[in-house]
Amino acid sequence: MTTEELKSIFKQRFGNEGVVYTSPGRVNLIGEHTDYNGGFVFPGAIDKGIYACIRLNGTDKVRAYSIDYNGYSKFGIKEDDKPNEAWARYIFGVCREIQKRGYKVQGFDAVFFGNVPLGAGMSSSAALESTFAFALNDLLNLGIDKFELARIGQSTEHNYCGVKCGIMDQFASIFGKAGHLMRLNCATMEFEYFPFNPKGYKVVLLDTVVKHELASSAYNKRRESCENACAHIAAKHPEVKYLSDATMKMLDEVKNEISAEDYMRAKYVIGEKQRVLDVCDALGKGDYETVGDRMYGTHYGMSKLYEVSCEELDYLNHIAKECGVTGSRVMGGGFGGCTINLVKEELYDRFIATAKEKFAAKFGHEPKVYDVVISDGARRVIS
Ligand code: GLA
(Lines give C-alpha, C1' and ligand atoms only; values in the text may rest on other atoms or scores of the structure.)
Protein backbone atom coordinates (compact mmCIF):
# COMPACT_ATOMS: atom_id res chain seq x y z
CA MET A 1 0.00 0.00 0.00
CA THR A 2 1.26 3.49 -0.80
CA THR A 3 1.00 6.62 1.32
CA GLU A 4 -1.47 8.03 -1.22
CA GLU A 5 -3.72 4.99 -0.86
CA LEU A 6 -3.54 5.30 2.92
CA LYS A 7 -4.54 8.96 2.71
CA SER A 8 -7.43 8.17 0.44
CA ILE A 9 -8.76 5.45 2.79
CA PHE A 10 -8.53 7.99 5.61
CA LYS A 11 -10.49 10.51 3.56
CA GLN A 12 -13.20 8.00 2.69
CA ARG A 13 -13.61 7.04 6.37
CA PHE A 14 -13.29 10.39 8.07
CA GLY A 15 -14.04 12.88 5.27
CA ASN A 16 -10.83 14.89 5.75
CA GLU A 17 -7.15 15.02 4.94
CA GLY A 18 -4.75 13.55 7.50
CA VAL A 19 -0.99 13.65 7.98
CA VAL A 20 1.08 10.46 7.52
CA TYR A 21 3.68 9.31 10.04
CA THR A 22 5.81 6.21 10.06
CA SER A 23 8.10 4.38 12.42
CA PRO A 24 10.11 1.25 11.60
CA GLY A 25 10.78 -2.18 13.03
CA ARG A 26 14.37 -3.08 13.88
CA VAL A 27 17.11 -5.66 13.60
CA ASN A 28 19.73 -6.23 16.25
CA LEU A 29 23.20 -7.36 15.25
CA ILE A 30 24.10 -8.52 18.76
CA GLY A 31 23.27 -7.80 22.42
CA GLU A 32 20.10 -9.73 23.17
CA HIS A 33 18.24 -9.61 26.50
CA THR A 34 20.89 -7.18 27.64
CA ASP A 35 18.78 -4.00 27.52
CA TYR A 36 16.83 -4.62 30.74
CA ASN A 37 20.11 -5.73 32.34
CA GLY A 38 21.80 -2.38 31.78
CA GLY A 39 24.01 -3.75 28.99
CA PHE A 40 24.74 -2.87 25.38
CA VAL A 41 22.55 -3.46 22.35
CA PHE A 42 23.43 -2.97 18.68
CA PRO A 43 20.23 -2.41 16.70
CA GLY A 44 19.32 -0.62 13.49
CA ALA A 45 15.95 0.47 12.10
CA ILE A 46 14.72 -1.33 8.98
CA ASP A 47 12.80 -0.40 5.84
CA LYS A 48 9.60 -1.95 7.15
CA GLY A 49 7.31 -0.26 9.60
CA ILE A 50 3.91 1.07 10.55
CA TYR A 51 2.29 3.90 8.56
CA ALA A 52 -0.51 5.93 10.10
CA CYS A 53 -2.62 8.75 8.67
CA ILE A 54 -3.81 10.91 11.56
CA ARG A 55 -5.85 14.04 12.21
CA LEU A 56 -6.97 15.70 15.44
CA ASN A 57 -10.79 15.48 15.56
CA GLY A 58 -11.65 18.14 18.15
CA THR A 59 -13.22 15.64 20.60
CA ASP A 60 -11.81 13.60 23.47
CA LYS A 61 -12.29 10.33 21.59
CA VAL A 62 -9.95 8.33 19.41
CA ARG A 63 -11.36 6.63 16.32
CA ALA A 64 -8.86 4.19 14.86
CA TYR A 65 -9.06 1.83 11.92
CA SER A 66 -6.52 -0.94 11.39
CA ILE A 67 -6.28 -1.92 7.73
CA ASP A 68 -4.40 -5.14 8.51
CA TYR A 69 -6.91 -6.37 11.08
CA ASN A 70 -9.81 -4.83 9.18
CA GLY A 71 -10.90 -3.59 12.59
CA TYR A 72 -12.31 -0.36 14.00
CA SER A 73 -12.00 0.84 17.57
CA LYS A 74 -13.38 3.90 19.32
CA PHE A 75 -12.13 4.74 22.78
CA GLY A 76 -11.54 7.62 25.17
CA ILE A 77 -8.27 8.79 26.58
CA LYS A 78 -9.03 8.33 30.29
CA GLU A 79 -7.77 5.29 32.19
CA ASP A 80 -11.12 3.47 32.32
CA ASP A 81 -11.82 3.96 28.60
CA LYS A 82 -9.57 1.06 27.61
CA PRO A 83 -10.45 -0.41 24.20
CA ASN A 84 -11.32 -4.11 23.86
CA GLU A 85 -9.23 -4.74 20.76
CA ALA A 86 -5.69 -5.89 21.60
CA TRP A 87 -4.15 -3.84 18.77
CA ALA A 88 -5.88 -0.66 19.99
CA ARG A 89 -4.32 -1.02 23.47
CA TYR A 90 -0.98 0.05 22.01
CA ILE A 91 -2.47 3.33 20.82
CA PHE A 92 -4.47 3.81 24.01
CA GLY A 93 -1.37 3.06 26.10
CA VAL A 94 0.63 5.71 24.25
CA CYS A 95 -2.12 8.30 24.89
CA ARG A 96 -2.18 7.38 28.57
CA GLU A 97 1.58 7.39 29.03
CA ILE A 98 1.85 10.83 27.43
CA GLN A 99 -0.80 12.14 29.82
CA LYS A 100 0.90 10.53 32.82
CA ARG A 101 3.93 12.66 31.98
CA GLY A 102 1.82 15.81 32.39
CA TYR A 103 0.93 16.58 28.75
CA LYS A 104 -2.56 17.12 27.36
CA VAL A 105 -3.74 14.70 24.69
CA GLN A 106 -6.75 15.33 22.43
CA GLY A 107 -8.91 12.95 20.45
CA PHE A 108 -7.90 12.03 16.91
CA ASP A 109 -8.83 9.89 13.94
CA ALA A 110 -6.34 7.41 12.53
CA VAL A 111 -6.02 4.79 9.81
CA PHE A 112 -2.92 2.62 9.83
CA PHE A 113 -1.23 -0.40 8.28
CA GLY A 114 2.12 -2.09 8.60
CA ASN A 115 4.57 -4.02 6.48
CA VAL A 116 6.74 -5.17 9.35
CA PRO A 117 5.86 -8.84 9.87
CA LEU A 118 3.89 -9.46 13.07
CA GLY A 119 5.45 -11.72 15.70
CA ALA A 120 8.66 -12.14 13.71
CA GLY A 121 10.92 -10.54 16.31
CA MET A 122 11.25 -7.33 14.28
CA SER A 123 9.31 -5.23 16.80
CA SER A 124 6.08 -4.49 15.04
CA SER A 125 4.63 -3.40 18.38
CA ALA A 126 7.42 -0.89 19.07
CA ALA A 127 6.89 0.45 15.55
CA LEU A 128 3.20 0.97 16.32
CA GLU A 129 3.88 2.69 19.65
CA SER A 130 6.61 4.87 18.19
CA THR A 131 4.46 5.94 15.24
CA PHE A 132 1.73 7.22 17.53
CA ALA A 133 4.05 8.69 20.16
CA PHE A 134 5.97 10.57 17.47
CA ALA A 135 2.78 11.68 15.69
CA LEU A 136 1.00 12.98 18.79
CA ASN A 137 4.12 14.83 19.92
CA ASP A 138 4.28 16.50 16.52
CA LEU A 139 0.57 17.21 15.99
CA LEU A 140 0.05 18.55 19.51
CA ASN A 141 3.40 20.38 19.67
CA LEU A 142 4.23 18.74 22.98
CA GLY A 143 8.00 19.14 22.77
CA ILE A 144 8.77 15.71 24.23
CA ASP A 145 12.36 14.66 23.54
CA LYS A 146 13.16 11.51 21.59
CA PHE A 147 14.39 9.52 24.60
CA GLU A 148 11.11 10.16 26.37
CA LEU A 149 9.15 9.17 23.26
CA ALA A 150 10.96 5.81 23.37
CA ARG A 151 10.17 5.47 27.08
CA ILE A 152 6.50 6.20 26.39
CA GLY A 153 6.43 3.19 24.05
CA GLN A 154 8.26 1.02 26.56
CA SER A 155 5.87 1.99 29.39
CA THR A 156 2.97 1.20 27.09
CA GLU A 157 4.29 -2.36 26.79
CA HIS A 158 4.77 -2.59 30.56
CA ASN A 159 1.48 -1.11 31.66
CA TYR A 160 -0.98 -1.92 28.86
CA CYS A 161 0.39 -4.97 27.04
CA GLY A 162 1.91 -7.05 29.86
CA VAL A 163 5.51 -7.25 28.57
CA LYS A 164 8.27 -5.96 30.84
CA CYS A 165 10.51 -5.18 27.88
CA GLY A 166 13.72 -3.18 27.78
CA ILE A 167 14.24 0.00 25.76
CA MET A 168 15.98 -1.39 22.67
CA ASP A 169 13.05 -1.70 20.26
CA GLN A 170 11.48 1.69 20.90
CA PHE A 171 14.89 3.35 20.94
CA ALA A 172 15.79 1.85 17.56
CA SER A 173 12.43 2.73 16.06
CA ILE A 174 12.72 6.38 17.12
CA PHE A 175 16.47 7.01 16.64
CA GLY A 176 17.19 4.86 13.55
CA LYS A 177 19.43 6.31 10.84
CA ALA A 178 19.81 4.98 7.29
CA GLY A 179 22.99 2.93 6.83
CA HIS A 180 23.85 2.99 10.53
CA LEU A 181 23.58 0.66 13.47
CA MET A 182 23.48 2.14 16.95
CA ARG A 183 25.41 0.96 19.95
CA LEU A 184 23.37 1.90 22.97
CA ASN A 185 24.47 1.61 26.57
CA CYS A 186 21.13 0.86 28.19
CA ALA A 187 22.36 1.83 31.68
CA THR A 188 23.29 5.38 30.69
CA MET A 189 21.36 5.76 27.40
CA GLU A 190 24.56 6.97 25.72
CA PHE A 191 24.74 5.84 22.14
CA GLU A 192 26.82 6.04 19.02
CA TYR A 193 25.93 5.59 15.34
CA PHE A 194 28.13 3.07 13.52
CA PRO A 195 28.14 3.11 9.70
CA PHE A 196 27.23 -0.43 8.70
CA ASN A 197 28.04 -1.58 5.22
CA PRO A 198 29.79 -4.94 5.41
CA LYS A 199 31.43 -5.12 1.98
CA GLY A 200 31.09 -8.54 0.38
CA TYR A 201 28.39 -9.63 2.83
CA LYS A 202 24.61 -9.54 3.04
CA VAL A 203 22.50 -9.43 6.16
CA VAL A 204 19.37 -11.51 5.79
CA LEU A 205 16.57 -12.53 8.12
CA LEU A 206 15.01 -15.97 7.92
CA ASP A 207 11.60 -16.02 9.54
CA THR A 208 10.42 -19.37 10.95
CA VAL A 209 6.87 -17.97 10.79
CA VAL A 210 6.42 -19.57 14.19
CA LYS A 211 5.31 -17.69 17.27
CA HIS A 212 5.11 -19.76 20.41
CA GLU A 213 2.43 -19.22 23.00
CA LEU A 214 3.19 -17.55 26.31
CA ALA A 215 6.18 -15.71 24.89
CA SER A 216 5.40 -12.64 27.00
CA SER A 217 5.13 -14.49 30.32
CA ALA A 218 8.32 -16.44 29.53
CA TYR A 219 10.02 -13.13 28.68
CA ASN A 220 8.94 -11.62 32.00
CA LYS A 221 10.20 -14.71 33.79
CA ARG A 222 13.66 -14.31 32.23
CA ARG A 223 13.74 -10.76 33.48
CA GLU A 224 12.83 -11.87 37.01
CA SER A 225 15.64 -14.45 36.99
CA CYS A 226 18.14 -11.74 36.03
CA GLU A 227 16.88 -9.35 38.67
CA ASN A 228 17.09 -12.03 41.30
CA ALA A 229 20.66 -12.98 40.39
CA CYS A 230 21.58 -9.30 40.32
CA ALA A 231 20.09 -8.65 43.77
CA HIS A 232 22.21 -11.44 45.28
CA ILE A 233 25.36 -10.13 43.62
CA ALA A 234 24.60 -6.54 44.64
CA ALA A 235 24.27 -7.61 48.28
CA LYS A 236 27.98 -8.50 48.15
CA HIS A 237 29.04 -5.89 45.60
CA PRO A 238 27.03 -2.69 46.06
CA GLU A 239 28.64 -1.17 42.97
CA VAL A 240 26.64 -3.63 40.83
CA LYS A 241 23.44 -1.90 39.77
CA TYR A 242 22.56 -4.08 36.80
CA LEU A 243 23.43 -7.66 35.99
CA SER A 244 25.59 -6.41 33.11
CA ASP A 245 27.86 -4.72 35.69
CA ALA A 246 28.69 -8.11 37.20
CA THR A 247 31.55 -10.48 36.30
CA MET A 248 31.43 -14.28 36.10
CA LYS A 249 33.48 -14.38 39.30
CA MET A 250 30.81 -12.40 41.13
CA LEU A 251 28.12 -14.67 39.77
CA ASP A 252 30.00 -17.73 40.95
CA GLU A 253 30.14 -16.28 44.47
CA VAL A 254 26.34 -16.45 44.67
CA LYS A 255 25.93 -19.71 42.77
CA ASN A 256 24.71 -21.57 45.87
CA GLU A 257 22.26 -18.85 46.83
CA ILE A 258 20.28 -18.85 43.59
CA SER A 259 18.50 -21.51 41.55
CA ALA A 260 20.37 -23.40 38.83
CA GLU A 261 18.00 -21.81 36.34
CA ASP A 262 18.70 -18.25 37.49
CA TYR A 263 22.41 -19.02 37.38
CA MET A 264 22.21 -20.14 33.74
CA ARG A 265 20.22 -17.07 32.75
CA ALA A 266 22.74 -14.76 34.40
CA LYS A 267 25.67 -16.62 32.87
CA TYR A 268 24.24 -15.95 29.40
CA VAL A 269 23.77 -12.22 30.10
CA ILE A 270 27.30 -11.74 31.43
CA GLY A 271 28.72 -13.60 28.41
CA GLU A 272 26.64 -11.54 26.01
CA LYS A 273 28.15 -8.31 27.32
CA GLN A 274 31.61 -9.38 26.20
CA ARG A 275 30.32 -10.58 22.83
CA VAL A 276 28.88 -7.13 22.05
CA LEU A 277 32.19 -5.47 22.90
CA ASP A 278 34.08 -8.00 20.77
CA VAL A 279 31.77 -7.32 17.84
CA CYS A 280 32.25 -3.55 18.09
CA ASP A 281 35.97 -4.02 18.13
CA ALA A 282 35.89 -6.46 15.20
CA LEU A 283 33.63 -4.18 13.15
CA GLY A 284 36.15 -1.41 13.53
CA LYS A 285 38.78 -3.69 11.98
CA GLY A 286 36.48 -5.06 9.27
CA ASP A 287 36.90 -8.49 10.88
CA TYR A 288 33.58 -10.11 10.00
CA GLU A 289 34.77 -13.59 10.93
CA THR A 290 34.87 -12.53 14.59
CA VAL A 291 31.52 -10.76 14.25
CA GLY A 292 30.02 -13.99 12.90
CA ASP A 293 31.67 -16.16 15.52
CA ARG A 294 30.14 -14.08 18.32
CA MET A 295 26.73 -14.27 16.63
CA TYR A 296 26.93 -18.06 16.82
CA GLY A 297 28.00 -17.67 20.45
CA THR A 298 24.87 -15.65 21.15
CA HIS A 299 22.71 -18.27 19.51
CA TYR A 300 24.24 -21.01 21.62
CA GLY A 301 23.70 -18.98 24.80
CA MET A 302 20.13 -18.05 23.93
CA SER A 303 19.34 -21.65 23.10
CA LYS A 304 21.12 -23.56 25.85
CA LEU A 305 21.43 -21.11 28.76
CA TYR A 306 18.70 -18.53 28.32
CA GLU A 307 16.38 -21.06 26.69
CA VAL A 308 14.49 -18.68 24.45
CA SER A 309 15.11 -20.51 21.18
CA CYS A 310 12.96 -23.29 19.71
CA GLU A 311 13.37 -26.25 17.39
CA GLU A 312 12.71 -24.23 14.25
CA LEU A 313 15.23 -21.51 15.13
CA ASP A 314 17.87 -24.03 16.18
CA TYR A 315 17.40 -25.81 12.88
CA LEU A 316 17.87 -22.62 10.84
CA ASN A 317 21.00 -21.90 12.85
CA HIS A 318 22.26 -25.42 12.19
CA ILE A 319 21.66 -25.09 8.43
CA ALA A 320 23.53 -21.77 8.41
CA LYS A 321 26.51 -23.37 10.10
CA GLU A 322 26.46 -26.31 7.70
CA CYS A 323 26.41 -23.97 4.70
CA GLY A 324 29.40 -22.03 6.03
CA VAL A 325 27.44 -18.83 6.77
CA THR A 326 29.68 -16.37 8.64
CA GLY A 327 27.26 -15.59 11.48
CA SER A 328 23.75 -16.65 12.45
CA ARG A 329 21.58 -16.41 15.53
CA VAL A 330 18.06 -16.02 16.85
CA MET A 331 17.12 -12.33 16.88
CA GLY A 332 14.99 -10.40 19.39
CA GLY A 333 13.11 -11.86 22.33
CA GLY A 334 13.03 -15.41 20.93
CA PHE A 335 10.36 -18.13 21.22
CA GLY A 336 9.94 -18.05 17.44
CA GLY A 337 10.48 -15.31 14.88
CA CYS A 338 13.69 -14.87 12.90
CA THR A 339 17.35 -15.67 12.70
CA ILE A 340 19.67 -12.88 11.57
CA ASN A 341 22.43 -14.07 9.24
CA LEU A 342 25.65 -12.50 8.04
CA VAL A 343 26.32 -14.21 4.72
CA LYS A 344 29.08 -13.84 2.14
CA GLU A 345 27.55 -12.60 -1.10
CA GLU A 346 28.77 -15.58 -3.09
CA LEU A 347 27.12 -17.97 -0.64
CA TYR A 348 23.81 -16.16 -0.43
CA ASP A 349 21.81 -17.94 -3.16
CA ARG A 350 22.93 -21.40 -2.11
CA PHE A 351 22.23 -20.69 1.56
CA ILE A 352 18.72 -19.40 0.92
CA ALA A 353 17.85 -22.29 -1.39
CA THR A 354 19.21 -24.87 1.09
CA ALA A 355 17.48 -23.28 4.06
CA LYS A 356 14.14 -23.21 2.24
CA GLU A 357 14.40 -26.77 1.08
CA LYS A 358 15.59 -28.33 4.33
CA PHE A 359 13.30 -26.31 6.56
CA ALA A 360 10.26 -27.12 4.42
CA ALA A 361 11.14 -30.82 4.42
CA LYS A 362 11.21 -30.80 8.24
CA PHE A 363 8.45 -28.37 9.17
CA GLY A 364 6.12 -28.37 6.17
CA HIS A 365 6.57 -24.73 5.21
CA GLU A 366 9.39 -22.52 3.97
CA PRO A 367 10.91 -19.79 6.10
CA LYS A 368 10.29 -16.26 4.86
CA VAL A 369 13.31 -14.32 3.66
CA TYR A 370 13.90 -10.62 4.33
CA ASP A 371 16.95 -8.75 3.12
CA VAL A 372 17.91 -6.13 5.66
CA VAL A 373 18.04 -2.48 4.62
CA ILE A 374 19.08 -0.22 7.50
CA SER A 375 16.81 2.82 7.38
CA ASP A 376 15.65 5.98 9.14
CA GLY A 377 13.63 6.10 12.36
CA ALA A 378 10.27 7.73 13.20
CA ARG A 379 9.26 10.58 10.92
CA ARG A 380 6.51 12.50 9.23
CA VAL A 381 6.07 11.32 5.65
CA ILE A 382 6.15 14.23 3.25
CA SER A 383 4.34 13.50 -0.01
C1 GLA B 1 12.29 -7.90 22.90
C2 GLA B 1 12.19 -6.71 23.86
C3 GLA B 1 13.50 -5.93 23.93
C4 GLA B 1 14.69 -6.86 24.17
C5 GLA B 1 14.64 -8.05 23.22
C6 GLA B 1 15.72 -9.06 23.51
O7 GLA B 1 12.43 -7.44 21.58
O8 GLA B 1 11.15 -5.85 23.48
O9 GLA B 1 13.42 -4.94 24.92
O10 GLA B 1 14.75 -7.26 25.50
O11 GLA B 1 13.39 -8.71 23.24
O12 GLA B 1 16.97 -8.52 23.32
Side-chain angles (χ1 to χ4, degrees), residues 23-46 48-49 90 93 116-130 147 150-176 181-187 189 191 205 207 211-212 214-227 230 242-244 265-266 268-273 275-276 279 294-295 297-299 301-303 305-310 313 329-340:
S23 200
R26 61 104 189 88
V27 289
N28 185 28
L29 185 64
I30 199 150
E32 221 65 90
H33 289 276
T34 44
D35 55 357
Y36 53 83
N37 285 306
F40 290 102
V41 291
F42 215 153
I46 55 175
K48 295 176 177 50
Y90 293 92
V116 48
L118 296 176
M122 293 183 223
S123 299
S124 49
S125 58
L128 179 56
E129 292 144 13
S130 302
F147 287 106
R151 286 194 198 96
I152 284 167
Q154 182 192 25
S155 309
T156 297
E157 294 277 349
H158 286 203
N159 301 327
Y160 298 92
C161 311
V163 183
K164 300 286 179 198
C165 65
I167 194 70
M168 169 169 71
D169 304 348
Q170 292 78 10
F171 168 83
S173 189
I174 296 275
F175 282 86
L181 297 180
M182 296 160 279
R183 186 183 63 188
L184 171 69
N185 176 336
C186 299
M189 293 304 283
F191 75 102
L205 304 181
D207 183 0
K211 190 74 204 163
H212 289 286
L214 301 176
S216 52
S217 60
Y219 181 97
N220 294 345
K221 224 173 142 228
R222 296 300 180 284
R223 184 169 183 156
E224 278 168 27
S225 287
C226 293
E227 285 168 359
C230 185
Y242 298 99
L243 188 53
S244 288
R265 307 298 188 237
Y268 160 76
V269 170
I270 295 170
E272 183 70 351
K273 173 177 147 186
R275 283 188 288 271
V276 181
V279 162
R294 298 306 185 270
M295 290 170 75
T298 297
H299 186 89
M302 282 179 84
S303 177
L305 298 174
Y306 219 61
E307 296 182 304
V308 293
S309 186
C310 61
L313 287 164
R329 65 176 194 81
V330 39
M331 189 182 76
F335 312 105
C338 289
T339 58
I340 178 167

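Counting starts at 1 for both ligands and their atoms, in listed order. Fair warning: this is a prediction, and the values are worked out from it, not measured in the lab.
- Within ligand 1, the atoms closer than 4.0 Å to a non-hydrogen atom of Cys165 are 2 (C), 8 (O), 9 (O), numbered from 1 in the order shown.
- For a threshold of 3.5 Å applied to N or O pairs, the pair formed by Asp169 and ligand 1 contains at least one separation below that value.
- Checked by distance only, ligand 1 and Gly332 stay at 3.5 Å or farther apart across all their nitrogen or oxygen atoms.
- Ion pairing of Arg275 with Glu272 is present here, as a side-chain N (NZ or NE/NH1/NH2) and a carboxylate O approach within less than 4.0 Å.
- A ring-ring contact (aromatic ring centres under 6.0 Å, His included) with His33 holds for exactly one of Phe40, Phe335, Tyr306; it is Tyr306.
- Those atoms of ligand 1 with a heavy atom of Tyr36 less than 4.0 angstrom away are 10 (O).
- Assignment of Arg222 to the shell around ligand 1 is not supported, since no heavy atom sits closer than 4.0 Å.
- Salt-bridge check for Glu307 with Arg222: failed, with every basic side-chain N at 4.0 Å or more from each acidic carboxylate O.
- Protein heavy atom at the shortest distance from atom 3 (C) of ligand 1 is Asp35 OD2, 3.3 Å.
- Using modelled atom types, one side-chain atom of Thr156 and one backbone atom of Ile152 make a donor-acceptor pair closer than 3.5 Å.
- Nearest protein heavy-atom neighbour of atom 5 (C) of ligand 1: Met168 CE, 3.8 Å.
- Side-chain contact check for Ser125 and Glu157: at least one donor-acceptor pair (N or O, by modelled atom type) lies under 3.5 Å.
- Listed by atom number, the atoms of ligand 1 under 4.0 Å from Arg26 heavy atoms are 7 (O).
- Neither the backbone nor the side chain of Gln154 comes within 4.0 Å of ligand 1, counting heavy atoms alone.
- Considering backbone and side-chain atoms alike, Gly166 places an N or O below 3.5 Å from some N or O of ligand 1.
- Note: an N/O pair closer than 3.5 Å links Tyr219 and ligand 1 by distance alone.
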